Number of protein chains: 2
Amino acid sequence: MLYLIGLGLGDAKDITVKGLEVVRRCSRVYLEAYTSVLTVGKESLEDFYGRKLILADREEVEQEADNILKDADISDVAFLVVGDPFGATTHSDLILRAAKLGIPYRVIHNASIMNAVGCCGLQLYKFGETVSIVFWTDTWRPESFFDKVKKNRQNGMHTLCLLDIKVKEQSLENLIKGRKIYEPPRYMHVNQAAQQLLEIVQNQRLRGEEPEETLCVGLARVGAEDQKIVAGTLQQMCTVDLGEPLHSLVITGGSLHPLEMEMLSLFSIPENTSESQSIDGL
Amino acid sequence: MLYLIGLGLGDAKDITVKGLEVVRRCSRVYLEAYTSVLTVGKESLEDFYGRKLILADREEVEQEADNILKDADISDVAFLVVGDPFGATTHSDLILRAAKLGIPYRVIHNASIMNAVGCCGLQLYKFGETVSIVFWTDTWRPESFFDKVKKNRQNGMHTLCLLDIKVKEQSLENLIKGRKIYEPPRYMHVNQAAQQLLEIVQNQRLRGEEPEETLCVGLARVGAEDQKIVAGTLQQMCTVDLGEPLHSLVITGGSLHPLEMEMLSLFSIPENTSESQSIDGL
């Protein structure tokens with residue numbers, strides 16, 4: 001049996017009791033390590049589970065899925081995913097391969113940012129299409145995702161923006177020379193996402209509203225003890241300090257339910273934050 | 001501290017390790033019992049947690065929230081919710097009351113149908129606004145939610161339909177006479193949802209497409225060992241047998257990614273199902 005097991009969002013103890021039981025009895029346990037991260041590392045998970053984990057990076061999962069599935073018809077293999085196994089499409093791919101090989105599979109679900117984002121008080125059913133915001137480079141500055149944000153807002157729906165993660169990426173030079181030397185991991189912060197969004201807004205010269213005043217919610221380390229949520233304008237999101245990754249950003253859909261407003265007020269940025277920040281920065 | 005703890009979707013062991021630890025040390029533990037249900041009852045949860053649970057129905061949570069919050073500033077109180085605590089809005093209400101009373105709170109997230117629905121292979125980020133389908137009565141047959149389904153489809157997005165649950169409802173007669181006698185719980189099946197949808201489609205005389213041929217996905221007991229997923233037309237959803245509750249229905253957004261199509265093919269209804277069902281039914 002192939003088990004796809006969600007680890008939730010915070011630390012080692014966010015696995016479900018059922019998930020933990022399966023992990024402890026499987027013959028091999030893989031940890032998917034490229035679409036998201038917990039606030040703790042592989043070693044903490046190994047200590048808590050009492051099991052060695054095999055790190056599965058993107059190459060492994062996409063090119064050597066057969067290794068992962070080896071003998072899964074006669075023994076139990078677990079594939080651990082931060083959040084829920086169905087946040088990213090790649091895991092459908094693993095299931096389809098298993099199905100072709102006649103290997104049965106089971107999913108043990110957990111929280112993902114796709115539903116845990118509700119903790120900011122915005123109503124989950126009012127979220128439209130989710131978008132991803134990628135790191136811009138000097139030569140690649142995609143804006144097309146912003147059409148989806150606009151469409152969601154036109155329909156009164158909130159947009160969850162997943163922020164880019166670069167894990168095990170090669171520099172262009174190393175890629176060309178075929179050197180397997182990897183850059184340190186990078187995680188986009190809410191500040192950078194907001195700055196890119198503001199730049200798009202300025203490029204597109206959006207009129208009739210003041211996009212920099214759009215109400216947004218920044219979220220960091222959702223599910224962890226030190227999670228941080230702030231509600232403020234897109235402009236404010238450029239400077240707010242949310243600390244360590246992972247970050248996510250929500251662009252609200254415009255008209256909010258009174259209950260949503262009241263919840264967001266719990267997380268509003270104090271009036272003098274940007275001022276005190278600039279004082280600190282002197 | 002007030003803890004809002006998601007229980008996930010299947011049985012007692014779908015709680016997270018962190019959630020279980022908190023449940024075992026809290027001075028009072030409430031179980032919210034009106035927005036969803038697990039495949040096991042209160043007693044199974046009590047056995048597994050080793051704790052007595054206080055059932056909190058809608059009245060309790062809405063009218064007597066202060067009982068739930070009593071002494072939560074000096075002791076730990078847990079409020080358990082099937083799925084994740086932020087699927088339904090009422091729990092924002094509890095948090096706001098806690099905030100006003102100066103009671104700190106923490107959320108322990110879990111899977112909810114809002115993200116676990118990804119197990120059918122449809123990509124989560126392509127879901128639009130979620131709708132609820134309620135039991136029609138002789139005099140109340142709301143259709144307005146269907147505009148949201150149409151809008152989602154126009155935008156190429158899938159629609160998750162949450163199906164009605166009637167727990168602790170009074171008959172009109174008992175309500176008028178003020179008798180606290182409750183009807184047995186009722187859970188809408190995919191069949192009934194599909195039939196109501198077909199009726200709306202016929203009332204609205206939708207042209208240019210064949211709505212009864214719309215590709216849908218029926219899901220039952222997601223996360224449980226005996227979960228069932230079927231993909232087929234809206235017409236087929238009227239007769240397919242998914243067994244016990246809870247059921248959910250997805251109306252696809254039209255154009256599917258090849259990977260979505262391939263995943264759905266794992267769940268397609270065998271050609272002769274409706275025939276063999278009618279044979280079984282003879």
Side-chain angles (χ1 to χ4, degrees), chain A residues 6 8-21 48 83-87 89 92-93 95-96 99 106-121 123-132 151-152 155-157 160 162 222-223 225 227 257 259-260 262-263 266, chain B residues 6 8-21 48 83-87 89 92-93 95-96 99 106-121 123-132 151-152 155-157 160 162 222-223 225 227 257 259-260 262-263 266:
Chain A
L9 297 168
D11 58 35
K13 289 187 176 177
D14 283 311
I15 193 169
T16 65
V17 174
K18 192 179 283 172
L20 182 60
E21 286 180 358
F48 182 66
D84 186 77
F86 287 97
T89 47
S92 296
D93 203 64
I95 288 175
L96 288 167
R106 260 203 83 192
V107 179
I108 297 179
H109 291 286
N110 210 319
S112 67
I113 189 65
M114 304 291 279
N115 72 330
V117 66
C119 65
C120 71
Q123 290 164 356
L124 264 193
Y125 68 89
K126 275 180 57 187
F127 276 76
E129 186 166 354
T130 302
V131 304
S132 296
K151 190 175 267 183
N152 282 342
N155 292 323
M157 291 197 279
L160 170 62
L162 304 175
V222 169
E225 279 205 44
Q227 76 170 24
H257 186 279
L259 208 52
E260 292 182 313
E262 214 178 331
M263 279 293 289
L266 298 181
Chain B
L9 296 167
D11 58 35
K13 290 186 176 176
D14 283 312
I15 194 169
T16 65
V17 174
K18 192 180 284 172
L20 183 60
E21 286 180 356
F48 182 66
D84 185 77
F86 287 97
T89 47
S92 296
D93 204 63
I95 287 174
L96 288 168
R106 260 201 83 193
V107 179
I108 298 178
H109 290 287
N110 210 320
S112 67
I113 189 65
M114 304 291 280
N115 72 329
V117 65
C119 65
C120 71
Q123 289 164 356
L124 265 193
Y125 69 88
K126 275 179 59 187
F127 276 76
E129 187 167 353
T130 301
V131 303
S132 295
K151 189 173 266 182
N152 282 341
N155 292 323
M157 291 197 278
L160 170 61
L162 304 176
V222 168
E225 278 206 44
Q227 76 170 26
H257 186 278
L259 208 52
E260 292 182 312
E262 214 177 330
M263 277 294 288
L266 298 180

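Predicted model, so just to flag it, every value in this text is computed and none were measured. Throughout, protein chains are lettered first and strands after them, A, B, ... in sequence-line order, and every chain is numbered starting at 1. Both backbone and side-chain heavy atoms feed into the values below; hydrogens, waters and symmetry mates do not.
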Identify which part of [X] has an atom lying under 4.5 Å from any heavy atom of chain B, answering side chain, backbone, both or neither.
{"X": "A/A99", "value": "side chain"}
{"X": "A/V222", "value": "side chain"}
{"X": "A/M263", "value": "both"}
{"X": "A/I15", "value": "both"}

Pick from A/G128, A/G83, A/A116 with the largest number of heavy-atom pairs that fall under 4.5 Å of chain B: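 Most heavy-atom pairs within the cutoff with chain B belong to A/A116.
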Heavy-atom proximity to chain A below 4.5 Å, by part of B/E225: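 Looking at B/E225, backbone and side chain both touch chain A.
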Heavy-atom proximity to chain A below 4.5 Å, by part of B/L124: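 For B/L124, heavy atoms of backbone and side chain both lie under 4.5 Å from chain A.
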At what distance, to the nearest 0.5 angstrom, does [atom1] of [X] lie from [atom2] of [Y]?
{"X": "A/S92", "Y": "B/E262", "atom1": "OG", "atom2": "CD", "value": "9.5 Å"}
{"X": "A/M157", "Y": "B/M157", "atom1": "CE", "atom2": "CE", "value": "4.5 Å"}
{"X": "A/T130", "Y": "B/F127", "atom1": "OG1", "atom2": "CZ", "value": "10.5 Å"}

Heavy-atom pairs under 4.5 Å with chain A, option from B/G223, B/G10, B/G118, B/G121 with the top count: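 Heavy-atom pairs under 4.5 Å are most numerous for B/G118.
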Top contributor to chain A interface from B/N155, B/V107, B/L20, B/I108 [non-hydrogen pairs under 4.5 Å]: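 Ranked by contacts with chain A, first place is B/N155.
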Derivation and outcome, side chain to side chain contact (heavy atoms under 4.5 Å, CB included), residues B/V17 and A/F48: CA-CA 11 Å; B/V17 174; A/F48 182 66; 3.7 Å; yes
side-chain hydrogen bond (donor to acceptor under 3.5 Å, both in side chains) partners for B/S112, two or more places apart: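 Result, side-chain hydrogen bond (donor to acceptor under 3.5 Å, both in side chains) vs B/S112: A/N115.
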Partners passing side-chain hydrogen bond (donor to acceptor under 3.5 Å, both in side chains) against B/Q227 (at least two apart in sequence or in another chain):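 Testing B/Q227 for side-chain hydrogen bond (donor to acceptor under 3.5 Å, both in side chains), a comparison that skips the adjacent residues, returns none.
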Shortest non-hydrogen separation from B/T16 to A/N110 and the atoms involved: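 Residues B/T16 and A/N110, closest heavy atoms: CG2-OD1, 4.3 Å.
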Where B/A111 and A/H109 come nearest, the two heavy atoms and their spacing: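 B/A111 and A/H109 have their closest heavy atoms at CB-CB, 3.5 Å.
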